[in-house]
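Notes follow once the structure below has been shown.
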Amino acid sequence: MVKIFTDDLERALRQAGAKDLRLSIGEPNPQAETYLARYLAQHLTLKLDGKRVALEYLGQEVNLEATWCYLEAQEIPAFEEVTIRHTSLIEVFDNQRNMVHVQAYGQTLSTLLEAGRLSDVLAFD
Amino acid sequence: MSSFLLYLQLGFEHISDLNGYDHILFILALCAIYRPEQWRTILILVTAFTVGHSITLALAALNVVVVNAALIEFLIPVTIFLTSIQNVWQSQTNPSPQQLWSRYGMALFFGLIHGLGFSNFFRSLLGREADIVMPLLAFNIGLEVGQLLIVGVIFAVLILLLRLLKIQHASWTYFISGATAGISVILMSETKFW
């Protein structure tokens, strides 16, 4: 799940070419969904023990000031190491920092990603 | 990194962030009337402030209280202004027990307001997490460590000024209180509250 402030996300999507985009108001907008799915595909990648995992975009919901986006990976193999790269908004805001939590095997590991450190490796016991 | 350490780091960075210096300014105003020898009083004051902001941070994180961010952003510099003003009219070289207790009560009450200020930032960090106790505890410990570090820096500077430059403690009190009062008025005028 990716949680992003809605106004920041709208700004990033507009900068990526989506015109008159509004996630916060009104009915579901298929065009916005397409842009959002494409944006997340570009900015979020996940590798398990060095092997890229395909993430499928499921949808989003606006929750107070944030948009929560849901993605899913099918059939995850057992793994020891997660390499996560999450660069959303870093191209828009110089001081953007993305907080990442990975839960697996009863353990939660976290990291902060920002310009200069776009990805990190989390090792599970 | 464990999640605990990450929330601790974020709490520490949040209070010691020079871009959002309002909390630093409050601690500076709170400490400005004390001599290094009065460290017990300072410890109680800082703890009272921590108790205050821990309460409201927890309540806001649990959605028990809903905060009007613009109002809180305005009230935080008000707490700095009132503390600065109190510094000038209240002598702390020989404070009466009543003066001491009113100061502790004030630190606690103002802590409640600052906690609401922390809560907007804190809530934005949380996902749909079932357990908010751990993040809350880690974030608070981070805030506390940052706060003690700020107090340490303030008193290191004060000791240098008193010993090396032989400045009068009263001059320090008035100089710092005047500065914090002035800056707090600017902060008030800049908020979206108007």
Side-chain angles (χ1 to χ4, degrees), chain A residues 1-11 24 40 44 58-72 81-86 88-89 93-125, chain B residues 1-22 57 59-73 116-143 145-146 191-192:
Chain A
M1 196 250 286
V2 180
K3 192 181 162 191
I4 308 183
F5 280 118
T6 306
D7 50 349
D8 293 346
L9 180 60
E10 286 173 345
R11 184 163 153 185
S24 39
L40 289 173
L44 178 68
L58 299 177
Q60 52 85 19
E61 58 178 335
V62 175
N63 212 311
L64 296 176
E65 70 280 11
T67 298
W68 297 7
C69 315
Y70 298 91
L71 297 112
E72 188 183 55
E81 246 182 33
V82 177
T83 308
I84 185 120
R85 180 185 160 91
H86 185 210
S88 292
L89 302 186
F93 305 103
D94 291 342
N95 57 354
Q96 173 69 26
R97 297 206 294 181
N98 292 330
M99 197 169 166
V100 177
H101 304 290
V102 181
Q103 287 182 351
Y105 307 117
Q107 226 184 325
T108 303
L109 296 178
S110 305
T111 185
L112 271 183
L113 301 176
E114 57 196 322
R117 205 168 86 112
L118 299 174
S119 72
D120 198 10
V121 181
L122 303 169
F124 286 85
D125 300 335
Chain B
M1 195 193 305
S2 76
S3 302
F4 188 89
L5 275 179
L6 183 72
Y7 281 107
L8 192 143
Q9 180 193 338
L10 290 167
F12 177 81
E13 288 177 3
H14 185 61
I15 197 156
S16 55
D17 182 7
L18 292 176
N19 293 317
Y21 56 82
D22 45 349
L57 178 57
L59 292 179
L62 293 165
N63 288 321
V64 177
V65 289
V66 179
V67 256
N68 176 344
L71 177 65
I72 298 305
E73 269 168 39
L116 295 173
F118 298 141
S119 70
N120 289 326
F121 175 78
F122 180 72
R123 216 179 348 206
S124 73
L125 299 176
L126 291 177
R128 185 177 278 169
E129 280 164 70
D131 177 23
I132 81 154
V133 176
M134 183 281 284
L136 201 54
L137 181 70
F139 189 77
N140 263 319
I141 294 174
L143 286 176
V145 172
T191 55
K192 294 179 206 140

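Protein chains get the first letters and strands the later ones, always in sequence-line order, with residue 1 at the start of each. It should be emphasised that the depicted structure is a prediction, and the values quoted were computed from it without experimental measurement.
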Please step through side chain to side chain contact (heavy atoms under 4.5 Å, CB included) for the pair B:Gln9 and A:Leu112, ending with a clear verdict. CA-CA 10 Å; B:Gln9 180 193 338; A:Leu112 271 183; 3.9 Å; yes
Could you tell me the separation between the CG atom of B:Leu5 and the OG1 atom of A:Thr111, rounded to the nearest 0.5 Å? 12.0 Å
In the structure I gave you, are the side-chain heavy atoms of A:Met99 and B:Leu10 within less than 4.5 Å of one another anywhere? yes
For residues B:Ser3 and A:Thr108, report the shortest heavy-atom separation together with the two atoms involved.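 Heavy-atom minimum between the residues: OG-CG2, 3.1 Å.
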